[in-house]
Amino acid sequence: MDLILINAKNLYKGFGIPFEPEGLLSTLPAIVNVIAGYITTQFIQKNGNNFHTVSKLILGSLIAFIVAQLWDISFPINKPIWTSSYVLYTVGWDLIILSALISFIEILNFKRWVYFFEVFGKNPLFIYVLSGMIVRVIYLVTIDGTALGSLIYQKLFVSWLADKNASLSFAVCYMLLLWLIGYIMDKRKIYIKV
């Protein structure tokens, strides 16, 4: 479908063949993923944060896993093209993770560790927009003809880490910088909402 509608030179070629990972047909299962999240949220709001809800979420995850594995036989679980079997598989994982979070945070009241994540949730849109702006700025600013972002990456990470570890470390440090900005905003009670 992507090749019919879009010129091959404009498609993603990361796997050796041209296709669009965010193409027209792969958008439909992605929409189903969002709808599954919405239905899950409605279910949790209606039933509350309790063991009954958690047990139903776990049952739903098992059903999603089983159907995904059966469907995988004829329609493979494939993230790059976002197959419907992949959607069921990820919904299964989402439900398991969500039920674990509800169990630990809401039912067993282990909440001390969640503040780290709350910082992102208090100014999510601002931090998201800022994440793109900072990257653009550090790659627009140049020192001796080299982008500041490249200098930071080369001098602080690649100089002592292997490529993949340097990339991961750079990403983690960047995320922690954004967290620090969100933390400062939260401590000063600055919340930017739409």
Side-chain angles (χ1 to χ4, degrees), residues 14 21-22 26-27 29-51 53-54 56-58 60-61 64 79-80 82 86-141 147-158 161 163-194:
E22 296 164 357
S26 61
T27 299
I31 291 169
V32 171
N33 213 224
V34 171
I35 292 170
Y38 175 77
I39 291 169
T40 302
T41 302
Q42 294 299 307
F43 175 77
I44 294 168
Q45 287 177 340
K46 180 181 174 193
N47 294 289
N49 295 319
N50 53 53
F51 282 116
T53 300
V54 168
K56 294 286 186 181
L57 291 175
I58 291 171
S61 72
K79 182 194 181 301
W82 211 275
Y86 172 76
V87 168
L88 280 173
Y89 185 70
T90 57
V91 165
W93 275 110
D94 293 340
L95 294 175
I96 286 287
I97 293 167
L98 192 55
S99 54
L101 290 172
I102 290 171
S103 297
F104 287 113
I105 297 169
E106 300 297 334
I107 298 172
L108 300 175
N109 207 27
F110 292 135
K111 294 183 178 185
R112 291 186 58 151
W113 60 277
V114 300
Y115 179 71
F116 177 85
F117 301 100
E118 286 178 3
V119 166
F120 287 113
K122 291 183 178 181
N123 276 302
L125 185 59
F126 178 78
I127 292 172
Y128 174 74
V129 170
L130 189 64
S131 71
M133 289 173 55
I134 291 173
V135 166
R136 280 189 170 71
V137 169
I138 66 172
Y139 280 94
L140 283 175
V141 174
L148 178 60
S150 296
L151 284 172
I152 292 169
Y153 180 67
Q154 293 297 323
K155 301 290 183 191
L156 297 179
F157 298 97
V158 174
L161 291 168
D163 286 346
K164 288 184 181 178
N165 290 333
S167 180
L168 175 63
S169 298
F170 182 79
V172 168
C173 287
Y174 188 62
M175 179 269 305
L176 290 173
L177 171 67
L178 293 168
W179 179 86
L180 181 62
I181 293 167
Y183 175 76
I184 292 167
M185 291 176 72
D186 184 42
K187 289 302 174 191
R188 294 183 179 176
K189 306 275 189 251
I190 300 169
Y191 305 108
I192 299 171
K193 299 180 181 182
V194 177

- Task: Return yes when atom CZ of F104 has more than 12 non-hydrogen atoms of other residues, nucleotides or ligands closer than 6.0 Å, and no otherwise.
- Result: no

- Item | Gap separating the CD1 atom of I102 from the CD1 atom of I97, nearest 0.5 angstrom | 12.5 Å

- Write down the atom of L95, the atom of G60, and the distance for their closest heavy-atom approach. CD1-C, 3.7 Å

- Are any non-hydrogen side-chain atoms of F126 and I190 less than 4.5 angstrom apart? no

- Specify the closest pair of heavy atoms between I152 and F157, including all atoms of both residues, with the distance to one decimal. O-CD1, 3.6 Å

- Determine whether more than 12 heavy atoms belonging to other residues, nucleotides or ligands lie under 6.0 Å from atom NZ of K79. no

- Query: Would you say the side-chain atoms of S131 pair up with the backbone N or O of Y128, donor to acceptor, closer than 3.5 Å?
  - Reply: yes

Would you be so kind as to tabulate the donor-acceptor pairs closer than 3.5 Å made by side chains of residues 34-48, with sequence neighbours excluded?
unit_1: T40; atom_1: OG1; unit_2: A36; atom_2: O; d: 2.7
unit_1: T41; atom_1: OG1; unit_2: G37; atom_2: O; d: 2.8
unit_1: N47; atom_1: ND2; unit_2: F43; atom_2: O; d: 2.9

- Closest non-hydrogen atoms of Y153 and S167, given as atom of the first, atom of the second and distance, are OH-N, 3.6 Å

- Message: Using only atom types and a distance under 3.5 Å, with no angle test, would you say the side chain of Y86 pairs donor to acceptor with the backbone of P80?
- Response: no

- Side-chain (N123) to main-chain (I192) donor-acceptor, under 3.5 angstrom: yes

- Query: Once you round to the nearest 0.5 Å, how far does CZ of F120 lie from CD1 of I181?
  - Reply: 10.0 Å

- Considering all heavy atoms of both residues, which atom of I107 and which atom of N49 are nearest to each other, and what is their separation? CG1-O, 3.7 Å

- Residues N50 and T53: closest non-hydrogen pair is OD1-N, 2.8 Å

- Report the C-alpha separation of W179 and Y183 in whole Å, then their side-chain angles, then the decisive distance to 0.1 Å, and conclude whether the side chain to side chain donor-acceptor pair (under 3.5 Å) test is met. CA-CA 6 Å; W179 179 86; Y183 175 76; over 6 Å; no

- Item | Interatomic distance, L161 atom CG to L156 atom CG [nearest 0.5 angstrom] | 10.5 Å

- Hey, are the side chains of T27 and W82 touching, using non-hydrogen atoms and a 4.5 Å cut-off? no

- Query: Is it the case that more than 12 heavy atoms not belonging to K56 sit under 6.0 Å from its NZ atom?
  - Reply: no

- Note on the structure: Closest non-hydrogen atoms of I96 and S61, given as atom of the first, atom of the second and distance, are CD1-OG, 3.2 Å

- Task: Examine distances only and state if a side-chain atom of S103 and a backbone atom of S99 form a donor-acceptor pair shorter than 3.5 Å.
- Result: yes

